[in-house]
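Worth knowing before you read on, the calculation uses all heavy atoms, side chains too, and leaves out hydrogens, waters and symmetry mates. Here is the naming used below: chain letters follow the sequence lines, and residue numbers restart at 1 for every chain.
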Number of protein chains: 2
Amino acid sequence: MDSDSAVVADNINAIEDREATPRAKPPDKINIRDVAGEAGVSVATVSMVINNNPRISRATHGRVQRVIDRLGYRPSRPAQTLSGKYTQVIAVLLPALRHALADAYFGELLSGIADRAGKLGHKIIIEQAKPQYVKDGKHIELYERKFIDGYLCLGFNDKHKMLTDLATRQFPAIMVDNRFAGNQLDWIHCDYRLGAEQAMNCLLQLGHRKIAMIFAAPESATARDVLEVYTRRMAEQGMDRVDAWMADGMFTPEGGAAAAEKLAGAHPDLSAILCGNDKMALGAMHYLAQKGISVPNDVSIIGFDDIQHLPFIHPSLTTVHLPLYELGTAAVDRLIEKVRGKAGSVTEVLPTHLILRGSTSIVRNR
Amino acid sequence: MDSDSAVVADNINAIEDREATPRAKPPDKINIRDVAGEAGVSVATVSMVINNNPRISRATHGRVQRVIDRLGYRPSRPAQTLSGKYTQVIAVLLPALRHALADAYFGELLSGIADRAGKLGHKIIIEQAKPQYVKDGKHIELYERKFIDGYLCLGFNDKHKMLTDLATRQFPAIMVDNRFAGNQLDWIHCDYRLGAEQAMNCLLQLGHRKIAMIFAAPESATARDVLEVYTRRMAEQGMDRVDAWMADGMFTPEGGAAAAEKLAGAHPDLSAILCGNDKMALGAMHYLAQKGISVPNDVSIIGFDDIQHLPFIHPSLTTVHLPLYELGTAAVDRLIEKVRGKAGSVTEVLPTHLILRGSTSIVRNR
DNA sequence: ACCAGTTGTTAAACTGTTTTACTAAGGCTA
DNA sequence: TAGCCTTAGTAAAACAGTTTAACAACTGGT
């Protein structure tokens with residue numbers, strides 16, 4: 001009977017299956033061997049077709065590619081990584097700031113990074129380096145367990161000692177928009193010096209001399225670049241004791257407002273304020289408006305960043321444009337080159353430019 | 001002598017190594033076999049130690065663990081993934097909005113997702129579903145090439161047809177803070193109906209009847225939930241033709257301002273505006289302030305989201321708090337359960353609550 | 001006709017882990 | 001004391017690719 005022979009067949013199959021593939025695999029999950037069998041070539045050939053190896057002839061390539069398409073075969077990334085050298089994943093490390101993932105500055109950098117990485121067939125993993133995270137050595141695991149090929153470090157400064165972990169181990173890593181103490185790490189950042197010169201040129205040419213500065217995070221090298229230019233340009237104008245003309249605005253609008261209050265209180269005759277970023281400039285403008293001090297008629301304001309989508313700011317903000325998106329794309333390029341061993345040490349600077357808008361005007365005697 | 005026998009042993013090892021591994025491997029890269037050899041156990045035992053398998057005795061576990069620590073061994077994730085079932089990575093898909101990565105709403109969701117995923121030993125990959133990305137089928141590759149275990153979809157609505165690709169293939173995926181056409185996908189979202197009821201209760205109890213609404217994205221199910229409650233509650237008050245009381249604010253402050261202008265023009269007697277999110281509420285308030293219309297004396301405003309860090313908003317905004325952070329953590333939990341096969345279909349709602357601040361007050365005859 | 005060189009393809013080794021089936025030893029019951 | 005569970009550990013197969021040495025089939029030169 002059919003059922004009998006079926007049983008026998010089943011038993012035979014069961015034995016053979018036991019020998020060949022103990023657990024039956026779902027037939028829809030096809031691998032490189034299936035493709036090779038179907039195309040009548042070896043797995044090596046299929047692998048070479050996938051990777052566009054020129055050793056394969058056009059004819060074979062086409063034939064195999066057709067089988068791949070027909071079967072809907074997709075190479076397993078974990079297998080490729082295990083066998084090959086790279087993960088095609090890069091980590092984006094952020095500091096433990098509460099709203100880092102909702103920030104215009106990081107958002108612009110991340111857009112550039114994500115777009116470029118995607119275009120180059122890389123994925124990005126985003127991690128926030130919270131204290132416990134660092135204590136557990138998760139940032140080291142990331143590379144050592146072969147999750148990633150390398151790191152992009154955003155928003156860190158000299159205080160973040162965990163970066164030395166990456167430096168001493170020689171992991172491929174690039175600091176984005178900053179430098180790290182003693183150049184232990186490769187870096188690429190906007191030309192904050194140039195930006196500061198552009199801003200100071202603008203204010204000085206408009207006749208301003210009593211220029212205050214709202215800075216933030218002096219533990220960051222690029223922030224110090226700006227401070228240094230500001231200090232020098234002021235000294236050139238005979239203003240030697242600038243310390244009383246500077247206040248920390250903590251990178252936030254509220255901090256900017258508080259700093260503006262402090263500065264305006266100490267120097268009622270100030271005619272311009274240079275701000276370390278747009279958010280602090282926004283806060284300063286808000287404070288001045290409340291006090292009935294007109295921007296730009298009484299006080300001129302310049303920011304840094306040129307963040308998009310500042311809603312309803314009046315007057316519009318004159319600012320130093322930082323090419324953050326381009327910085328993100330360039331950082332990805334440099335990191336991948338570094339991973340591939342094609343790059344020596346990376347130290348690169350991207351030019352800024354001033355965007356003249358409504359918050360600056362010629363100085364007026366007050 | 002000891003040194004002699006050591007030399008002999010070395011030679012034997014050298015020969016065996018030559019046979020086993022033709023190319024010399026860098027000695028710093030140690031694997032499970034090295035650990036097994038050093039500890040005098042099989043690789044299986046080491047594997048079981050790593051994974052805390054109870055089959056291993058306390059004594060052996062301790063001995064092997066010590067070797068692991070001494071050698072600084074870290075299991076290779078790609079190898080674990082290849083051999084095992086899971087990648088321990090989840091994809092966060094975002095729509096192709098220009099500043100999605102700099103948005104307070106997404107930022108809060110992402111924080112919850114990132115924190116919870118990290119705590120559970122998972123990594124997150126963030127991808128924006130741009131047209132070309134979808135056309136290339138990258139969103140499908142992500143799962144089929146075993147980059148990830150599953151998807152969290154943020155900010156999508158019924159218009160995003162690419163989600164059906166995930167649904168038809170039965171990939172583990174959860175829509176976060178929305179539903180998808182015909183419930184093809186699992187979802188978890190804030191209780192927008194409840195939020196709308198809370199907001200309407202508030203306004204009605206304050207005596208408001210001429211309540212306008214600034215909505216956005218009616219192609220989104222949760223947005224429709226709010227509209228539906230608004231329409232019903234208005235109808236209960238005898239207000240049947242509400243269409244003229246509604247305007248699309250596009251989720252942006254500018255859109256909110258424009259919508260407020262349109263509504264205030266059509267209904268100079270309106271006494272309150274319900275806004276689909278805080279950003280549009282902000283825009284509406286800005287427009288009203290410019291027109292000399294006082295909030296809340298002349299017009300009450302209620303928003304949705306309770307986004308943090310709205311700088312210098314006066315009066316402070318009464319709003320429906322959405323538990324976005326918690327939603328993010330819950331979404332991760334549900335997705336991982338689903339990946340592990342521990343969950344059936346996921347349809348979950350998280351309660352909202354009203355935060356009463358300064359932008360609402362009792363109605364006043366105008 | 002023979003040898004060298006080029007081209008295209010293959011077999012086999014290798015990547016680093018998990019898992020399953022098996023074994024040996026020890027303890028318990030009948 | 002034989003028989004049967006447990007317990008703790010091992011050997012080997014599987015996972016799904018890449019890489020390389022070797023080889024076969026041509027081509028061209030002498």
Side-chain angles (χ1 to χ4, degrees), chain A residues 15-26 28-37 39-64 68 71 73-88 144-147, chain B residues 16-26 28-64 68 71 73-88 144-147:
Chain A
I15 290 164
E16 287 181 353
D17 277 5
R18 168 76 42 105
E19 296 234 335
T21 59
R23 274 191 308 284
K25 75 173 176 197
D28 50 0
K29 201 58 196 146
I30 71 140
N31 61 25
I32 199 172
R33 260 164 275 265
D34 300 331
V35 175
V41 296
S42 73
V43 295
T45 301
V46 179
S47 173
M48 288 167 136
V49 167
I50 294 167
N51 297 290
N52 286 311
N53 189 313
R55 292 254 298 274
I56 300 299
S57 67
R58 287 200 56 73
T60 308
H61 185 107
R63 184 156 42 88
V64 173
I68 287 176
L71 267 46
Y73 164 68
R74 314 260 193 180
S76 152
R77 237 302 116 189
Q80 289 184 313
T81 298
L82 179 60
S83 167
K85 235 164 131 58
Y86 305 117
T87 65
Q88 312 254 71
E144 292 202 330
R145 298 191 56 193
K146 242 179 175 242
F147 275 102
Chain B
E16 287 178 354
D17 278 6
R18 167 72 44 101
E19 296 236 337
T21 59
R23 271 190 310 284
K25 73 177 172 191
D28 50 0
K29 201 58 196 149
I30 72 138
N31 61 24
I32 199 173
R33 255 168 282 264
D34 301 331
V35 175
E38 187 74 14
V41 296
S42 73
V43 295
T45 301
V46 179
S47 173
M48 288 168 137
V49 167
I50 293 167
N51 296 290
N52 285 310
N53 189 312
R55 289 253 299 274
I56 301 300
S57 70
R58 286 202 58 71
T60 308
H61 185 107
R63 185 158 41 89
V64 172
I68 288 175
L71 267 46
Y73 163 68
R74 314 261 194 180
S76 152
R77 235 306 110 190
Q80 289 183 314
T81 298
L82 179 59
S83 170
K85 236 165 128 62
Y86 305 117
T87 66
Q88 313 252 72
E144 292 203 329
R145 299 192 55 192
K146 244 179 173 242
F147 275 102

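With rounding to the nearest 0.5 Å, the separation of CD in A:Q88 from CD in A:Q80 is 8.0 Å. Distance check: A:D34 CG to A:K29 NZ gives 10.5 Å after rounding to the nearest 0.5 Å. In this structure, CG on A:L71 lies 10.0 Å from CG on A:N31, to the nearest 0.5 angstrom.
Atom CG in A:N53 sits roughly 11 Å away from atom C1' in C:dT9 (whole-Å rounding). Taking atom OH on A:Y86 and atom P on D:dT18, their separation rounds to 15 Å, with Å as the unit. Here the C1' atom of nucleotide D:dA16 and the CD atom of B:Q80 are 16 Å apart, to the nearest Å. Here D:dT18 presents its P atom at 12 Å from CG of A:N52, a figure rounded to the nearest Å. If you take NZ of B:K146 and C1' of D:dA16, they are 10 Å apart, rounded to a whole angstrom. Rounded to whole Å, the distance from CD1 on A:I68 to P on D:dG17 is 10 Å. Straight-line distance from the CZ atom of B:R33 to the C1' atom of D:dT10: 14 Å, rounded to whole Å. Note: CD1 (B:I50) to P (C:dT19) measures 12 Å, nearest angstrom.
The listed nucleotides are C:dT17, D:dA12, D:dT20; the one nearest the side chain of A:M48 is D:dT20. Of the candidate nucleotides C:dT17, D:dT10, C:dT10, D:dT10 has the atom nearest to the side chain of B:R55. Ranking D:dA11, C:dT17, D:dG17 by closeness to the B:N31 side chain, first place goes to C:dT17. Here the nucleotide nearest the side chain of B:S47, chosen from C:dT9, C:dT18, C:dG16, is C:dT18. Checking D:dA8, D:dT18, D:dT20 against the side-chain heavy atoms of B:S57 singles out D:dA8 as nearest.
Between B:S76 and C:dT15 there is no side-chain N or O to OP1 or OP2 distance below 4.0 Å. Taking side-chain N and O atoms only, A:Y73 has a distance below 4.0 Å to OP1 or OP2 of D:dG17. Here A:N51 reaches the OP1 or OP2 of D:dT18: one of its side-chain N or O atoms lies under 4.0 Å away.
Side chain of A:R63 to backbone of A:A39: a donor-acceptor contact under 3.5 angstrom is found. At distances below 3.5 Å, at least one donor-acceptor pair connects side-chain atoms of A:T81 with backbone N or O atoms of A:R77. Between the side chain of A:N53 and the backbone N or O of A:R55 there is at least one donor-acceptor pair closer than 3.5 Å.
The base of D:dG17 sits with one of its N or O atoms less than 3.5 Å from a complementary donor or acceptor on the side chain of A:S83.
The residue B:R74 sits close only to the backbone: its heavy atoms come under 4.0 Å of sugar-phosphate atoms, none of a base. As judged by a 4.0 angstrom heavy-atom cut-off over every strand, A:V46 is placed among residues making no nucleic acid contact. Within the nucleic acid shown, B:T81 has no heavy atom closer than 4.0 Å to any nucleic acid atom.
Each of B:T45 and B:A79 has a nearest nucleotide on DNA chain C; the 5'-most of these lies closest to B:A79.
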